[in-house]
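Computed from a predicted model, the values in this text were never measured in an experiment. Throughout, residue positions are numbered sequentially from 1 according to the sequence presented.
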Amino acid sequence: MVPEWQEAYMDYGYLKALLKDILRNKPQTSGIAASPQGLKRKLSLYRAFSGLTQRNYQPLSPSVHDIENQPILVNSVVRDGLEKYETTFLMTAEEGGEYELVYFRRLDDEFNKVDRFCRSKVEEVRKEADALSRQMDALIAFRIKVENPTHSFDSSIEMTRLASDVAASTTALSATTPRGVKMNRRVSMPMVIEDIKEEGNSQHEQLDDSVDDIPNDNQSTNQRAEEQKTKKNFRRIKPASLEVLNRVQLNNTLETPRSTIKGVIKYPGQTELKFTKEKLSQIEEKLKQAFIQFYHKLRLLKNYTFLNIMAFSKIMKKYDKITSRGAAKAYMKMVDKSYLGSSDELTRLMERVENVFIKHFSNSNRNKGMSILRPKAKRERHRTTFSMGFFAGCTAALTIALILIVRARKIMDHEGSTQYMEIMFPLYSLFAFVVLHMMMYAANIYFWRRYRVNHPFIFGFKQGTELGYHQVLLFSFVLAALALVCVLANLDMQIDPETKDYKAFTELMPLILLLSVMAILLCPLNILYRSSRMFFLTCLFHCICAPLYKVTLPDFFLADQFTSQSQALRSFEFYICYYGWGDFKLRKANCKSSSIFITFSFIVVVIPYWSRFLQCLRRLFEEKDMMQGLNGLKYFLTIAAVCLRTASTLDNGMGWKVLAWIFSISTAIFSTYWDLVIDWGLLQRHSKNRWLRDKLLVPQKSIYFVAMVLNVLLRFAWLQTVLNFKFSFLHRQAMISIVASLEIIRRGIWNFFRIENEHLNNVGKYRAFKSVPLPFNYDEDEDKDE
């Protein structure tokens with residue numbers, strides 16, 4: 001089932017509810033199904049057995065009496081230029097007949113809705129098929145031009161040469177073949193010609209010539225007959241016309257910083273085609289992706305028709321079971337004759353797409369082509385679930401061990417505990433922030449799947465490459481376990497007098513773990529979910545290079561995630577400070593007081609918000625949407641608030657605190673309103689669900705109100721940095737980490753409702769496919785003249 005088309009499917013639950021109304025109001029006839037006293041079985045079980053094969057059974061044609069007793073009549077009418085189907089219920093006079101009349105009216109409404117939707121989508125794919133056909137014409141002409149750039153395609157010379165080669169090979173094969181085999185062998189000359197023709201003919205016509213037997217007694221006569229037949233067939237072959245290249249231009253579908261800069265300064269683009277192998281491979285790759293997406297749409301549309309026909313069949317069987325009227329046969333006969341049930345256009349189009357894709361994009365390897373067009377669904381592996389549970393247990397055990405060691409040995413009472421919290425705690429807290437964010441993302445995936453939010457389509461993941469919540473939890477627990485092992489080893493080395501001398505190795509443990517994680521993330525080998533890692537790195541690179549790349553949902557979604565990881569970015573900055581300029585062997589971080597570190601403490605926190613600000617400007621420039629301008633203003637105010645809060649933390653002056661209060665409060669109110677109204681689509685006063693929205697995926701409405709309250713409360717968690725709350729049992733670094741964790745939790749809640757709202761927008765527009773840019777652009781004026 002396509003989630004974005006759920007309103008276009010037959011409403012089976014509603015029709016089933018109408019059948020329940022019919023059953024409740026059905027006249028009760030006592031004694032029909034009852035068995036005589038003393039019998040424990042139904043009377044039908046005592047009837048004479050009719051046999052299994054029923055050889056003597058002949059279906060009787062309906063008599064006049066049977067036709068008069070038909071409960072329904074289904075007619076096709078044309079209204080407002082649209083064909084519709086109406087069912088006339090002929091037994092409204094019976095008791096409870098009005099409920100059955102309502103049922104058939106609603107059934108007709110559902111069927112007409114499905115039929116209209118199917119017709120509209122088939123018309124769309126028909127237009128897309130025409131566009132792809134024209135793209136293939138240009139591709140074949142481009143391929144001829146690249147592979148033979150010095151002279152034009154001379155069909156008479158080329159085809160005569162190929163014909164002579166085929167005839168010569170046929171004669172040689174006939175001379176070396178036994179006579180008994182010759183009489184039963186058919187030479188597939190027209191099939192060869194058909195292959196040549198399909199390569200060159202832009203219209204992809206098929207030859208209809210029959211295959212004749214070749215005489216075997218006279219080889220010279222055989223050769224002359226083959227040459228005459230070949231010449232006759234070649235006269236019908238029309239190679240792909242190169243004139244199509246005069247009417248097309250290459251679309252600049254590859255968004256790069258260079259193309260963006262050229263577009264801003266209005267630099268003239270490419271006016272003529274460059275016939276190179278590199279360009280040919282790029283064009284083939286783009287068309288390959290277009291065919292894959294188009295075939296995926298055909299499959300979903302075919303599945304849509306199949307599921308709806310099955311639903312109508314099931315609901316009519318239930319109706320017959322309740323009323324015993326036998327109306328299912330007549331209604332399903334109408335369904336089978338309708339456009340929904342009788343059209344085979346999708347099947348023929350799918351077969352043609354398969355043939356073209358296999359021939360042109362998979363080197364005529366059918367297994368390879370079909371594996372690309374129909375990728376197998378990824379199966380959940382038991383070892384992933386087992387490993388996730390194992391490392392989750394390890395994480396829980398190591399956490400308990402760490403708490404017991406700290407409490408039993410009273411480590412926080414030692415004189416070096418303050419130095420440890422100021423230096424080592426920020427280093428290890430980086431992994432805690434990452435693990436918490438990954439766990440929130442895993443929870444998002446779980447609930448997106450539970451409430452049927454099509455998040456792989458929204459994020460643009462390749463089919464079969466998206467990570468499930470088991471995989472995300474596995475990575476998070478592995479990282480948490482490794483980080484806890486390093487923490488425990490560090491504490492043990494500091495306490496144990498025998499290992500206390502290895503201070504250099506002790507201090508390097510968090511750096512080693514960080515470098516290992518980065519090495520795995522950047523590993524180019526096809527291991528450890530390479531496609532997901534490359535997708536993450538690509539989006540990260542687009543965020544860093546904003547606004548030079550076209551902004552997509554995964555790009556700004558990732559940038560939003562980093563806005564909630566400001567403390568993690570500061571911890572990453574401290575890694576460079578501590579191991580680059582500090583004396584880590586003596587556990588001293590003298591770089592904290594340097595002006596460079598203080599300057600970068602502002603820059604590091606501002607980077608995610610600045611990236612989002614530039615992305616909003618890019619979308620404002622492209623889409624001319626003022627909402628993007630307001631969104632950019634929100635991030636600009638956030639930048640000012642974050643900088644002022646950082647300044648008030650470094651300098652306890654009253655002026656900095658007042659400015660931090662003013663900007664932080666205004667930014668928090670603006671951001672909260674934007675979260676609830678724009679990003680989540682809630683607080684709609686006149687919606688069906690008061691103060692929420694018309695469509696909700698979570699059935700419990702209280703969840704939305706709780707989420708709104710939590711979002712407001714957690715939005716103001718920054719008050720701790722301004723008011724500087726202090727607790728005797730908590731170190732300042734621990735308090736900072738708690739506040740940062742609350743912001744990560746808020747972001748996790750925001751993620752679910754943001755993608756839910758995006759999914760509902762796609763559902764409202766029946767948007768279930770990504771638009772794939774095509775490589776060629778035809779001159780529309782010349783096409784109209786033709």
Look up atom [atom1] in [X] and atom [atom2] in [Y], then write down how far apart they are to the nearest 0.5 Å.
X	Y	atom1	atom2	result
Leu569	Phe433	CG	CZ	10.5 Å
Met438	Ile744	CE	CD1	12.5 Å
His470	Met388	NE2	CE	4.5 Å

### Query
When you look at Tyr635 and Phe613, which way does the ring pair (Phe, Tyr, Trp, His ring centres under 6.0 Å) test go after all the steps?
CA-CA 6 Å; Tyr635 287 105; Phe613 174 71; 8.5 Å; no
Minimum side-chain heavy-atom gap [X]-[Y] below 4.5 Å:
X	Y	result
Tyr704	Phe753	yes
Thr465	Phe535	no
Met440	Arg747	no
Asn631	Gln628	yes
Leu528	Ile520	yes
Ser664	Leu644	no
Lys550	His542	no
Ile423	Phe574	yes

Contacts table for residues 669-681: side-chain donor-acceptor under 3.5 angstrom, sequence neighbours left out:
residue	atom	partner	partner atom	Å
Ser671	OG	Thr667	O	2.8
Thr672	OG1	Ala668	O	2.6
Asp675	OD1	Arg715	NH2	3.4
Asp675	OD1	Trp750	NE1	3.3
Asp675	OD2	Arg715	NE	3.0
Asp675	OD2	Arg715	NH2	2.7
Asp675	OD2	Arg746	NH1	3.4
Asp679	OD2	Trp750	NE1	3.3
Trp680	NE1	Trp750	O	3.4

### Query
In terms of side-chain geometry, is the basic nitrogen of Arg693 or Glu756 positioned less than 4.0 Å from the acidic oxygen of its partner?
yes
Does [atom1] belonging to [X] count more than 12 external heavy atoms closer than 6.0 Å?
X	atom1	value
Phe425	CZ	yes
Phe600	CZ	no
Met439	CE	no
Phe602	CZ	yes
Leu404	CG	yes

Using modelled atom types only, decide if a donor and an acceptor are shared between the side chain of [X] and the backbone of [Y] within a distance under 3.5 Å.
X	Y	value
Arg452	Pro3	no
Tyr609	Thr563	yes
Ser611	Pro608	no

Search all heavy atoms of [X] against all heavy atoms of [Y] and return the closest pair with its distance.
X	Y	value
Val605	Ser566	CG1-CB, 3.8 Å
Ile512	Ser516	O-OG, 2.8 Å
Leu514	Phe431	N-CZ, 3.8 Å
Ala559	Arg612	CB-CD, 3.3 Å
Ala481	Thr395	N-OG1, 3.8 Å

### Task
Indicate the ring-plane relationship of Phe459 and His455, choosing parallel, tilted or perpendicular according to the 30° and 60° boundaries.
perpendicular
### Task
Compute both the distance and the angle, then confirm whether Lys624 meets the cation-pi test with Phe621: under 6.0 Å from the six-membered ring centre, within 45 degrees of the axis.
yes
### Task
For this output row, return yes or no: ring centroids of Tyr469 and Tyr446 closer than 6.0 angstrom.
yes
#### Entry: Distance-only donor-acceptor check, side chains Arg618 and Gln615, under 3.5 Å
no
